[in-house]
Amino acid sequence: MNLPASTRAAPIGIFDSGLGGLSVLRAVRALLPAERLVYVADSRYAPYGQRDDDFIADRTLAIGEWLVAQGAKALVVACNTATAQSIEFVRARLPIPLVGVEPGIKPAAQLSRSRVAGVLATPVTLRSARFQALVERHAADLRVLSQPGYGLVEAVECCDVDSPELLQVLRGYVEPMLDAGADTLVLGCTHYPFLDAAIRSIVGERMTLVDTSVAIARQLDRVLDQHGLRADAHAHESASPTARFCSTNDGTHLRKLAAALLGIESQVECVSIPSRRTRELEPDAA
Ligand code: DGL
């Protein structure tokens, strides 16, 4: 049963520690063009991948609550790290449906012929119980080479997707995987699809890259249907309403990456979303 049209026309919140969730936003826009979107990049506090668990849960909940206050009808936690660390905690506290993201271990297990797959993700994701359970459930007969992607989120946050220094770092991560026989590489962080071309320039056709953003958009589609929340196709005059972009820092890089990589020219709103942990860090902030 559908909810009232005004509820169905409400936006979907998409959140990441920074710019990586734009790779998910791109897939959501392609699959669900009638939906209004509000994107929040918590770039002021990125990267999350080296933060403690409580910090990540605190930020995810604060941003989720902020998006609910902005009228969001559903929330996509477009961050593997925040999902791994806090999705159950946040789901129990928000009144809207949540969709999280997780590294594509299942598709990798289906795709790999050599039965060796690399996983690039943040240290927090790799050490989480959720990730361990995912590997046990779907990859019992797969050799999984887990590699923390130190420095990669920072590079994308600065819009660096192809510098020689970055390529050098990436080579250090993927060449040992190739040497160990891996034919599949899971991009286990939503920032990494923006490094697709850089990784491809190193591995050529020797590896299949697994990016789950399209699968996340499909899962969101199912969740909207289950809750009667899908926007009417005619709800907006233009075929694809412009997303609203918000950043907890000055937004310059968010605007640049949205334009360069997604072809979306948009203003970025600078927003302040204080939380318990950031008040401790910055007692003088608003
Ligand atoms: N895009 C986030 C993820 O998927 C990056 C986390 C971070 O800020 O370290 O994990």
Side-chain angles (χ1 to χ4, degrees), residues 13-28 39-64 75-87 90 98-105 118-132 134 146-161 166 169-170 173 185-196 199 209-217 219-220 245-249 253-254 257-258 261-262 273 275 277-278 281:
I14 302 182
F15 142 72
D16 180 39
S17 61
L19 312 183
L22 290 176
S23 61
V24 175
L25 179 136
R26 173 170 57 186
V28 170
Y39 184 85
V40 175
D42 197 17
S43 293
R44 186 181 179 99
Y45 303 105
Y48 281 4
Q50 291 156 53
R51 300 270 187 187
D52 66 69
D53 300 353
D54 176 67
F55 188 94
I56 297 166
D58 175 62
R59 292 307 293 157
T60 307
L61 181 60
I63 293 166
L75 172 65
V76 180
V77 180
C79 176
N80 289 266
T81 309
T83 301
Q85 209 40 67
S86 62
I87 193 138
V90 176
L98 263 64
V99 172
V101 302
E102 57 190 13
I105 298 295
V119 182
L120 262 182
T122 70
V124 171
T125 299
L126 294 176
R127 72 165 150 77
S128 68
R130 251 182 110 88
F131 178 74
Q132 297 307 327
L134 199 62
S146 297
Q147 170 63 57
Y150 296 111
L152 302 183
V153 168
E154 290 90 331
V156 175
E157 286 294 302
C158 298
C159 297
D160 173 8
V161 294
L166 175 65
V169 171
L170 283 170
Y173 295 154
L185 176 62
V186 176
L187 305 180
C189 166
T190 53
H191 281 71
Y192 301 169
F194 293 120
L195 305 177
D196 188 287
I199 296 171
L209 305 188
V210 178
D211 161 17
T212 51
S213 37
V214 173
I216 297 154
Q219 173 64 8
L220 174 64
F245 292 97
C246 307
S247 174
T248 56
N249 72 4
H253 289 162
L254 178 56
L257 206 65
L261 297 173
L262 307 185
I273 308 179
S275 62
R277 291 293 301 275
T278 63
L281 278 179

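Just follow the structure's listing: the first ligand is 1, and inside any ligand the first atom is 1.
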| request: Given side-chain contact (heavy atoms from CB on, under 4.5 Å), test Gln50 with Glu154 step by step and report yes or no. | output: CA-CA 11 Å; Gln50 291 156 53; Glu154 290 90 331; 3.8 Å; yes
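The shortest side-chain heavy-atom distance between Glu157 and Pro47 does not fall under the 4.5 Å cut-off.
Classified by interplanar angle (parallel below 30°, tilted 30° to 60°, perpendicular above 60°), the ring pair Phe55/Tyr48 is perpendicular.
With Leu22 as reference, Leu254 is the one residue of Val156, Leu254, Thr190, Asp16 to meet the side chain to side chain contact (heavy atoms under 4.5 Å, CB included) rule. Considering Val210, Thr212, Val119 in turn, Val119 is the only one that fulfils the side chain to side chain contact (heavy atoms under 4.5 Å, CB included) rule with Ile105.
Using a 4.0 Å cut-off to heavy atoms of Asp16, the atoms of ligand 1 that qualify are 1 (N), 2 (C). Within ligand 1, the atoms closer than 4.0 Å to a non-hydrogen atom of Ser17 are 2 (C), 5 (C), 6 (C), 7 (C), 8 (O), numbered from 1 in the order shown.
Considering both main-chain and side-chain atoms, Thr190 comes within under 3.5 Å of ligand 1 through a nitrogen or oxygen pair. For ligand 1, none of its N or O atoms has an N or O atom of Thr122 under 3.5 Å away.
Protein heavy atom nearest atom 7 (C) of ligand 1, with residue, atom name and distance: Tyr48 N, 3.1 Å. For atom 10 (O) of ligand 1, the nearest non-hydrogen atom of the protein is Thr81 OG1, 2.6 Å. Among all protein heavy atoms, the one lying closest to atom 9 (O) of ligand 1 is Gly49 N, 2.7 Å.
Looking only at distances, a side-chain donor or acceptor of Gln132 sits under 3.5 Å from a matching main-chain atom of Leu126.
Residue Gly18 places no heavy atom under 4.0 Å from ligand 1.
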